[in-house]
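Right, one structure below, let's go through it.
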Amino acid sequence: MLKQISDFLQERYRLCEYPALAYQFRKWNAEKPLTGKKLLDGTPVFTNTLLKYAALIAAGADLSVGYSSNIPYDPEVLRFLEKTGIPCRTQCKTGEFDVIMDCNGVYRDKKPKYGFVELTRSGAYRFEGIHEPVIMVDDSRIKAIETCLGTGEGFLRGMKHLGYQDISGKKIVVFGCGKVGRGVVFYAGRAGAEVYAVDDPAMVINHVGGTLVSRFDREKVLELLKNAWCIVTATGKALSLADPEFIKIINNGNQIIVNMSVEDEWGSAISPERVLNRKQPLNFILPEPTLLRYIDPTLALHSHAALELIQSEYLPGIRKASLAVEQEYWDIVEKNGMIAGELSAAGL
């Protein structure tokens, strides 16, 4: 399986693009810490995810790959996985796996032996009140590399992919200034756009570039909606923008509408045809939605959290991944990766 994965990738990536996964592979290939453990990995299936699978297989895991119609995936990569003999599943039975590495809470109703590792913030809401141990990878500094830098850069690539090559001087309004919105603001600003971030100022930890506008300043928000060249949704909350006045402005306007969240923030009053990529996150229109250099440490931490669950046998409840392990991967990325400059410029 490892040779087939290596042949499929055909030196597609440079080592500096995945220092955390490369380190994890070497260490786990020597130690085999997951030997005999049955794992289901629900990470979105794309080419760069193969390096995550390689580390898990090297660790001795009995790996199955989960995919869902609710989570974007690359059909070509899925077909390749099936040829290698790695089981690809759309569902599983309760108690079938030792650990489920979930995304967006797809498998929340199952009961793995040791618990869950959840990848996303939207999935966190679905695990509230659960009676199994859950490690929340989204609640980490490392996750900000993917969701801030990776998604922000993916926004620019997605726009260019659709023909919007030059956004210099364009007015872009971003709803939500958490990790995803902050990244869009950062990269759009670097590309010369006139960027406004709409959020609760009391909840915004940091934003690099752009102008922060209070979401409670209704008159200003309505003005921005009317005059925007592009409106980006990044609150991560379903129906958060399903406001009748907002909807009317959008349906009567010609603004470019982009979603960078996994949720439908507008609701059914805005048709999928009105939003680029039919309301799916714009970067998922790309063959590689998030470049490996940005998602590498998140993938490594997601896998390591599965090992942490097995070794620690936590009580039920939601918790963060090990801070010591997170710092170890962060240091590896800063030392051996290619994004140290971006981490500093974005204030991460």
**Request:** Please examine the side chains of P44 and L119, heavy atoms only from C-beta on, and report whether any two atoms are closer than 4.5 Å.
**Result:** yes

**Message:** Has R141 got a side-chain atom pairing as donor or acceptor with E326's backbone, closer than 3.5 angstrom?
**Reply:** no

**Request:** Grab the two heavy atoms, one from A20 and one from D296, that are nearest each other, plus how far apart they are.
**Result:** N-OD2, 2.9 Å

**Request:** Spell out, as yes or no, whether a donor-acceptor pair under 3.5 Å connects the side chain of E265 to the backbone of G236.
**Result:** yes

**Item:** Contact summary for F127 and G105, nearest pair of heavy atoms
**Value:** CE1-CA, 3.8 Å

**Request:** Could you tell me whether the side chain of E118 and the main chain of V137 form a donor-acceptor pair under 3.5 Å?
**Result:** no

**Request:** Mind checking the NZ-CZ spacing from K83 to F8? Nearest 0.5 Å is all I need.
**Result:** 9.0 Å

**Asked** Should the pair E194-K170 be classified as a salt bridge under the 4.0 Å nitrogen-to-oxygen rule?
**Response** no

**Asked** Are any of the side-chain nitrogens in R126 or E263 under 4.0 Å away from the carboxylate oxygens of its partner?
**Response** yes

**Request:** Drop me the distance from L51's CG to I295's CD1, to the nearest 0.5 angstrom.
**Result:** 11.0 Å

**Asked** Has the side chain of Q280 got a donor or acceptor atom that lies under 3.5 Å from a matching backbone atom of P72?
**Response** no

**Message:** Any side-chain to backbone donor/acceptor pair from D98 onto K37? Under 3.5 Å, distance only.
**Reply:** no

**Item:** Test side chain to side chain contact (heavy atoms under 4.5 Å, CB included) applied to L21 and L299, step by step
**Value:** CA-CA 7 Å; L21 285 169; L299 296 180; 4.1 Å; yes

**Request:** Look at the side chain of Q24 and the backbone N and O of A300, then say whether any donor-acceptor pair between them is shorter than 3.5 Å.
**Result:** yes

**Request:** Let me know which of D264, T233, V258 forms a side-chain contact (heavy atoms from CB on, under 4.5 Å) with K279.
**Result:** D264

**Message:** Measuring from atom NZ of K179 to atom OG1 of T151, what distance do you get when rounded to the nearest 0.5 angstrom?
**Reply:** 10.0 Å

**Prompt:** Are F97 and M101 joined in one hydrophobic group, where the rule is that I, L, V, M, F, W and Y side chains link up if heavy atoms are under 4.5 Å apart?
**Reply:** no

**Message:** Can you give me the closest heavy-atom contact between Y67 and Y107, atom names plus distance?
**Reply:** N-OH, 3.6 Å

**Request:** May I ask you to decide if F46's main-chain N or O and T49's side chain share a donor-acceptor pair within less than 3.5 Å?
**Result:** yes

**Request:** Could you tell me whether a side-chain N or O of Q255 sits under 3.5 Å from a main-chain N or O of L225, the two making a donor and an acceptor?
**Result:** yes

**Request:** Would you mind checking if R89 and E96 are paired as a salt bridge, meaning a charged N to carboxylate O distance below 4.0 Å?
**Result:** yes

**Prompt:** Taking all atoms of both residues into account, what is the closest heavy-atom pair of R12 and E17, and its distance?
**Reply:** O-OE2, 4.5 Å

**Expected output: side-chain D199 to main-chain C177 donor-acceptor under 3.5 Å** = yes

**Asked** With a 4.5 Å limit on heavy-atom distance, are the side chains of E288 and T47 in contact?
**Response** no

**Prompt:** Minimum heavy-atom separation for Y53 to T43, with atom names?
**Reply:** OH-O, 3.9 Å

**Message:** Classify the ring geometry of W266 against F175: parallel below 30°, tilted from 30° to 60°, perpendicular beyond 60°.
**Reply:** perpendicular

**Prompt:** Is a side-chain donor or acceptor of S68 paired with a backbone partner of N70 at a separation under 3.5 angstrom?
**Reply:** yes

**Asked** If you measure from the Lys or Arg side-chain nitrogens to the Asp or Glu carboxylate oxygens, is any gap between E146 and K143 under 4.0 Å?
**Response** yes

**Message:** Could you check whether K3 pairs with D7 (Lys NZ or Arg NE/NH1/NH2 to Asp/Glu carboxylate O, under 4.0 Å)?
**Reply:** yes

